[in-house]
Amino acid sequence: MLFRSSGPMILYLASGSPRRAELLQQIAVPFTVLPAPSIDETPRSAEASVDYVRRMAREKALVGQARMPTPGAVLGADTAVVLGDQILGKPADDTEALAMLTQLSGTSHQVISAVCVCSEGRQAVRHTVTTVQFRPFEAARLEVYVATGEGRDKAGSYGIQGLGGALVESLSGSYSGVVGLPLEQTVELLEWADIPYWQID
């Protein structure tokens with residue numbers, strides 16, 4: 001059960017992702033960006049993909065909370081591309097990016113995106129699971145996409161909101177979650193922490 005906090009809170013975004021910032025701006029949330037937290041993102045032994053993503057979002061929020069310049073609430077988020085039991089993170093280089101996209105070509109995979117808000121000594125986490133179907137692509141076509149560099153800083157080596165949208169045949173679930181911040185779950189947590197949105201000057 002969700003409970004509202006006692007008053008409006010300042011929101012800090014514990015992420016260096018411009019995509020997450022853009023999604024918060026889309027729903028007109030006032031926020032301040034904190035430096036991207038540096039944490040160990042290694043999955044634990046036998047850790048389920050959903051548990052891993054939720055833990056990463058929570059740890060990022062907690063690290064951000066320790067860096068707040070003034071009291072407020074902190075939002076941390078994490079997104080992972082999952083193919084079967086394999087978590088596909090950010091590629092180390094273009095060779096790994098091509099290998100990931102080759103695996104995803106013509107198949108469906110899941111994108112798990114979690115968001116955590118820490119506020120007044122409390123924390124809450126929500127997540128969404130989206131199924132994404134890729135079109136089949138020949139290696140030469142995938143090499144062209146990899147060469148654009150768009151997927152170098154993205155889980156699964158692609159960005160659905162950009163050039164990588166052409167890779168996708170269909171999607172079932174949260175588009176914003178695939179981008180990096182599931183808005184439905186984020187709004188729920190904003191309301192829980194009494195953080196305003198739709199703040200139009």
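The side-chain contact (heavy atoms from CB on, under 4.5 Å) search around Q26 returns L23, L183, not counting sequence neighbours. F134 meets the ring pair (Phe, Tyr, Trp, His ring centres under 6.0 Å) test with H109, Y158; sequence neighbours excluded.
Within 6.0 Å of atom CG in D85, 12 or fewer heavy atoms from other residues, nucleotides or ligands are found, so the atom counts as exposed in its surroundings. Residue-environment remark: CD (Q86) exceeds the threshold of 12 foreign heavy atoms within 6.0 Å. Surrounding CD of Q199 are more than 12 heavy atoms belonging to other residues, nucleotides or ligands, all under 6.0 Å away.
Relative to the ring axis of W192, R126 does not place its NZ or CZ within 45° and under 6.0 Å from the centre.
Of the possible donor and acceptor atoms, one in the side chain of R135 sits under 3.5 Å from a partner among the backbone N and O of A166. Side chain of E150 to main chain of G164: a donor-acceptor pair is present (N/O by atom type, distance under 3.5 Å, no hydrogens or angles). Between the side chain of S172 and the backbone N or O of T131, no donor-acceptor pair lies under 3.5 Å. Between the side chain of T102 and the main chain of L98, a donor-acceptor pair closer than 3.5 Å is present. Side chain of E47 to main chain of P43: no donor-acceptor pair is present (N/O by atom type, distance under 3.5 Å, no hydrogens or angles).
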Enumerate, atom names and distances included, each donor-acceptor pair closer than 3.5 Å involving a side-chain atom of residues 60-70, sequence neighbours excluded.
unit_1 : atom_1 : unit_2 : atom_2 : d
K60    : NZ     : A77    : O      : 3.4
K60    : NZ     : D78    : OD1    : 2.7
R67    : NH1    : P35    : O      : 3.4
T70    : OG1    : Y12    : OH     : 2.4

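The OG atom of S105 sits 11.5 Å away from atom CZ of R141, with the distance rounded to the nearest 0.5 Å. The distance from the CG atom of L104 to the CG atom of L88 is 5.5 Å, given to the nearest 0.5 Å. To the nearest 0.5 Å, atom CZ of residue R20 and atom OG of residue S113 are 6.0 Å apart. The distance from atom OG of S108 to atom CD of Q133, rounded to the nearest 0.5 Å, is 5.0 Å. Here the CD1 atom belonging to I195 is positioned 4.5 Å from the CG atom belonging to L11, to the nearest 0.5 angstrom. If you take OG1 on T186 and CG on L181, they are separated by 3.5 Å, rounding to the nearest 0.5 Å.
Donor-acceptor pairing under 3.5 Å is lacking for the side chains of E22 and Q161.
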Working note: L13 + V29, criterion side chain to side chain contact (heavy atoms under 4.5 Å, CB included); need CA distance, chi angles, decisive distance, verdict.
CA-CA 11 Å; L13 173 62; V29 180; over 6 Å; no
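Within the structure, salt bridge (Lys or Arg N to Asp or Glu O under 4.0 Å) pairs that include any residue of residues 151-176 comprise R19-D153, D94-R152 (at least two apart or interchain). Legend: side-chain hydrogen bond (donor to acceptor under 3.5 Å, both in side chains) pairs involving residues 27-40, not counting sequence neighbours, sorted by first then second residue: D40-T42.
Hydrophobic cluster of I200: no remaining members, since no ILVMFWY side chain lies below 4.5 Å from it.
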